[in-house]
Amino acid sequence: THISEIVVNGFKSFAMRTAVKLHEDLTCVVGPNGCGKSNICDAIQWVLGEQSPSHVRSQNMAEVIFAGTAKRKAYGLAEVTLVLNAPKATGSEKEKLAITRRVVPTGESTYLVNDKTVRLRDLLDLLNSAGLNISSYSIIGQGRIESVLTMRPAEKRLLIEESA
Amino acid sequence: THISEIVVNGFKSFAMRTAVKLHEDLTCVVGPNGCGKSNICDAIQWVLGEQSPSHVRSQNMAEVIFAGTAKRKAYGLAEVTLVLNAPKATGSEKEKLAITRRVVPTGESTYLVNDKTVRLRDLLDLLNSAGLNISSYSIIGQGRIESVLTMRPAEKRLLIEESA
Amino acid sequence: ALARFTDTFVKVNQNFQKYFQYLFGGGVAEVRMMDDANPLEAGIELFAQPPGKRTQHVLLLSGGERALASIAFLIALFSVSPSPFLILDEGDAALDDANVERFLELISRLRKEIQVILITHNRRTMENASTLIGVTMDEPGCSKVVSLNPGEVWEKMKL
Amino acid sequence: ALARFTDTFVKVNQNFQKYFQYLFGGGVAEVRMMDDANPLEAGIELFAQPPGKRTQHVLLLSGGERALASIAFLIALFSVSPSPFLILDEGDAALDDANVERFLELISRLRKEIQVILITHNRRTMENASTLIGVTMDEPGCSKVVSLNPGEVWEKMKL
Ligand SMILES: Nc1ncnc2c1ncn2[C@@H]1O[C@H](COP(=O)(O)OP(=O)(O)OP(=O)(O)O)[C@@H](O)[C@H]1O
Ligand SMILES: Nc1ncnc2c1ncn2[C@@H]1O[C@H](COP(=O)(O)OP(=O)(O)OP(=O)(O)O)[C@@H](O)[C@H]1O
Ligand SMILES: [Mg+2]
Ligand SMILES: [Mg+2]
């Protein structure tokens with residue numbers, strides 16, 4: 001299983017619909033300071049159901065919507081789609097799984113799997129059953145590499161329990 | 001006024017007496033990870049009277065004493081001397097000002113100015129009167145570059161009051 | 001539940017040691033229970049001994065050593081409970097050149113098993129990528145993405 | 001006391017704007033009182049608008065932009081109340097190559113007025129030094145210091 005591409009539209013600094021194709025082994029994302037690299041990281045964390053705004057560097061969930069620039073007005077919607085190549089439950093062929101999340105200025109999110117609206121709980125169940133155990137340490141944000149060391153002993157224990 | 005050299009002996013990873021000569025305009029300190037660069041920064045912060053162990057990355061003040069390696073035993077004393085070239089209060093010649101701090105395993109420090117023992121309060125008065133206004137932002141530790149941004153509004157105000 | 005936790009704990013500890021030695025070229029790393037008498041509740045802490053140095057709590061290591069120790073612990077968790085991908089945002093920032101090479105060796109093993117995405121400013125790291133994604137802001141405030149060949153990075157990206 | 005604070009506040013604000021524009025090649029930076037009605041007590045906050053982007057609280061900037069904004073604010077404080085030296089421990093770690101050059105231009109101005117000590121892994125930064133100090137641990141756990149010429153850095157330091 002791997003992410004084949006991520007499509008961002010109106011999410012943070014991605015005013016225009018942008019598709020980022022990823023390689024199944026090693027992809028590097030490069031660019032000058034402030035160009036939007038960490039926003040891609042936030043987008044992946046967000047589309048997978050992240051509920052805490054601070055984990056995507058925002059004060060509230062509506063803040064992920066493109067807020068405008070000197071030349072463009074703010075948008076009313078942010079949408080991210082993650083396309084996963086997951087082995088079919090039934091065999092060896094691969095199937096594409098498209099997970100989408102949208103948010104409006106009220107902060108309310110909607111989730112879709114292959115264009116069908118689902119509840120967040122359904123999405124998380126699906127990810128788990130498809131063997132997509134996305135743990136809390138799958139995405140390590142900028143400056144957070146040492147976060148596993150600075151956790152309290154009880155939190156470190158939870159990491160081990162999570163992987164049990 | 002500038003620091004002409006710093007002499008460390010038994011401070012953190014500096015088991016042997018080491019003199020670091022600094023240039024009066026730009027000095028760069030380089031070396032592999034874990035070799036002792038940030039320990040030099042801690043030594044300067046410490047000799048200038050730092051009272052909080054966490055500001056020199058320690059749990060208590062005795063922890064700055066060389067704690068031994070696989071081959072060497074721990075020491076019983078740490079000593080740092082900062083040699084400053086300060087303009088004489090009376091004129092244009094430069095005078096050398098040597099500030100020394102020692103600590104023993106009990107955590108008790110002694111301070112010396114040009115080899116004469118002084119109290120911490122005397123040292124701080126001297127630094128101030130010699131125009132050595134060492135502000136809280138003269139030494140920015142590793143990973144702390146953003147600390148001025150993450151301070152609370154009241155703390156940022158203090159920075160401005162300090163420089164008034 | 002206890003048997004499973006203990007089993008996982010032992011495996012994470014073994015792998016933490018393995019990856020730490022790989023990254024530091026030796027030394028010892030250990031995951032310790034804070035209270036052996038109470039394995040069901042006790043918190044855990046990480047200790048490390050870089051080659052030739054003494055054992056200490058990981059937070060007393062230098063900046064670069066802490067980044068390497070974190071990477072060793074993270075990969076140890078992954079080896080016990082694999083997730084489909086790992087995304088590291090400038091995880092190589094604090095490393096010197098020699099440690100970047102060791103980090104990249106570890107990544108080149110990991111990428112055979114899972115998908116890895118690295119955000120980086122380090123040239124050596126970029127050179128290892130199968131796919132290189134450049135992000136630019138030709139129009140200020142609006143991000144765009146271009147697919148790059150490693151050779152193009154320097155002209156196109158104004159890095 | 002109020003007159004002195006206000007005077008300093010205005011100067012820091014002006015210099016923050018000046019150094020921010022220098023480092024970002026434009027844009028606007030501002031120190032704001034959180035409560036104009038109460039200048040004796042009010043806390044302060046920093047806002048920034050990189051060129052072509054919108055104005056926002058400095059904590060919403062990217063990693064590299066935050067490092068640059070901090071440097072601008074620090075130097076603004078220095079310009080109002082000069083201290084004899086500034087020590088930065090890997091302050092350039094989050095910066096891309098173009099921003100390292102701008103940072104070094106600012107440092108080359110500052111070094112004319114005060115003593116600057118930079119701990120760095122960045123080759124460009126090292127090349128600017130008047131004195132280059134190498135720290136090594138030939139014996140594991142014991143630091144030693146050597147004075148280096150810029151050319152010697154790569155052989156001697158195994159960087
Ligand atoms: N009291 C002590 N006695 C002996 N060694 C110590 C003591 N305190 C710290 N150290 C050692 O000093 C080393 C760290 O040095 P320091 O933080 O200066 O490294 P650095 O050169 O800044 O590395 P980096 O580039 O990774 O930031 C650690 O390995 C630590 O174990
Ligand atoms: N909702 C939003 N609308 C528009 N722009 C936004 C929004 N949220 C964040 N941004 C902008 O995105 C930019 C930051 O992008 P990001 O943090 O991804 O940069 P980066 O490429 O990771 O840079 P660095 O190399 O410095 O870490 C900031 O300049 C910020 O203003
Ligand atoms: Mg970033
Ligand atoms: Mg350091």
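Please read all numbers here as calculations on a predicted model, not as lab measurements. Just so you know, these numbers use all the heavy atoms, side chains as well, and skip hydrogens, waters and symmetry mates.
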Within residues 36-46 of chain C, the residues sitting under 4.5 Å from chain A by heavy atom, in sequence order, are Pro39(C), Leu40(C), Glu41(C), Ala42(C), Gly43(C), Ile44(C), Glu45(C), Leu46(C)
Step through the shown structure and confirm whether more than 12 heavy atoms of other residues, nucleotides or ligands are within 6.0 Å of CD on Gln51(A). yes
Can you tell me which of Ser81(C), Ser147(C), Gly63(C) forms the most heavy-atom pairs within a distance under 4.5 Å of chain A? Ser81(C)
Of the listed Arg66(C), Lys144(C), Glu90(C), the one with the largest count of heavy-atom pairs under 4.5 Å with chain A is Arg66(C)
Side chain, backbone, both or neither: which part of Ile44(A) has an atom under 4.5 Å from a heavy atom of chain C? side chain
Between Arg4(C) and Asp7(C), is there a side-chain N and carboxylate O pair less than 4.0 Å apart? no
Using a cut-off of under 4.5 Å for heavy-atom pairs, which of Gly141(C), Ala94(C), Ala67(C), Ser143(C) has the most such pairs with chain A? Ser143(C)
Ranked by heavy-atom pairs below 4.5 Å to chain A, first place among Thr120(C), Val12(C), Val80(C) goes to Thr120(C)
With the threshold set at 4.0 Å, does a side-chain nitrogen-carboxylate oxygen contact exist between Glu50(A) and Arg101(A)? no
Please list, in residue-number order, every residue in residues 4-13 of chain A that has a heavy atom less than 4.5 Å from any heavy atom of chain C; write 'none' if there are none. Ser13(A)
Under 4.5 Å heavy-atom distance to chain C, tell me which part of Glu24(A) shows up: side chain, backbone, both or neither. backbone
Which one, Leu149(A), Ile40(A), Val148(A), Thr18(A), leads in non-hydrogen pairs under 4.5 Å with chain C? Leu149(A)
Name the region of Ser163(A), side chain, backbone, both or neither, that has any atom closer than 4.5 Å to a heavy atom of chain C. both
Check this for me: does any side-chain nitrogen of one of Lys112(C) and Asp25(A) sit under 4.0 Å from a carboxylate oxygen of the other? no
Supply the atom-to-atom distance Leu112(A) CG to Thr117(A) OG1, rounded to the nearest 0.5 angstrom. 4.5 Å
Proximity breakdown for Arg144(A) and chain C, heavy-atom pairs closer than 4.5 Å: neither
Under a 4.5 Å heavy-atom cut-off, does chain A meet the side chain of Phe85(C), its backbone, both or neither? both
Between Ile71(C), Leu110(C), Leu59(C), which has the largest tally of heavy atom pairs under 4.5 Å with chain A? Leu59(C)
